[in-house]
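Input: a single structure, listed below in C-alpha cells.
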Amino acid sequence: MVPFAVAGIGLWIVAILVMLPFRDELADNGHGTWFGIAVAGALWGIPGLLTMVVHDRNRRRRRASDSFKTGEPTAS
C-alpha cells in the first residue's frame with residue numbers, strides 16, 4: 001500500500017505545481033479553494049503514508065515471528 005500512498009501524494013503535489021501559476025485566475029473564477037484542497041491532500045497524505053509504513057513493518061515482523069514458530073523458512 002505504500003506505493004499507492006506515495007503516488008497519491010505525488011499526484012497532489014503535481015496538482016499544486018500545475019495550479020500555482022494560475023492561483024489568481026482560479027480565485028477570480030470562483031475556484032480559489034482548489035489550491036488549498038490540493039495542499040491539504042498532500043499534507044493529509046503524509047500521516048497516511050506513515051501509518052502504512054508502520055503497518056507494513058509490523059506485518060513483516062508478525063510474519064517472521066509466525067514462520068519462526070512453525071519452523072517454516074522465511075521468504076524474502
Students should find that the hydrophobic cluster of Val18, defined by side-chain heavy atoms under 4.5 Å apart, otherwise consists of Val14
Residues passing the ring pair (Phe, Tyr, Trp, His ring centres under 6.0 Å) test with His55, sequence neighbours excluded, are none
Residues at least two apart in sequence or cross-chain that pass side-chain hydrogen bond (donor to acceptor under 3.5 Å, both in side chains) with Asp24, listed by chain then number, are none
Applying side-chain hydrogen bond (donor to acceptor under 3.5 Å, both in side chains) to Arg59 and not counting sequence neighbours gives Asp56
Residues passing the side-chain contact (heavy atoms from CB on, under 4.5 Å) test with Ala15, sequence neighbours excluded, are Met19, Ala38
Sequence neighbours excluded, the answer for salt bridge (charged side-chain N to carboxylate O under 4.0 Å, His left out) partners of Arg62 is none
Handout entry: Shared hydrophobic cluster, Val6 / Val53 (ILVMFWY, side-chain heavy atoms < 4.5 Å)
Key = yes
Going hydrophobic residue to hydrophobic residue with side-chain gaps under 4.5 angstrom, can you get from Leu49 over to Met1? yes
Sorted by chain and number, sequence neighbours left out, side-chain contact (heavy atoms from CB on, under 4.5 Å) with Ile13 holds for Ile9, Leu17, Ala42
Salt bridge (charged side-chain N to carboxylate O under 4.0 Å, His left out) pairs touching residues 26-46, sequence neighbours excluded, are none
Sorted by chain and number, sequence neighbours left out, side-chain contact (heavy atoms from CB on, under 4.5 Å) with Ile37 holds for Trp12, Thr33
Residue pairs passing the salt bridge (charged side-chain N to carboxylate O under 4.0 Å, His left out) test with at least one member in residues 31-40, sequence neighbours excluded, are none
Worksheet item: Is the backbone of Arg61 close enough, under 3.5 Å, to the side chain of Ser65 for a donor and an acceptor to pair up by distance?
Response: no
Worksheet item: Would Val39 and Trp44 show up in the same hydrophobic cluster when neighbours are defined by side-chain heavy atoms closer than 4.5 Å?
Response: no
So salt bridge (charged side-chain N to carboxylate O under 4.0 Å, His left out) across residues 31-40, not counting sequence neighbours, yields none
side-chain contact (heavy atoms from CB on, under 4.5 Å) filter on Leu20, not counting sequence neighbours, yields Arg23, Phe35
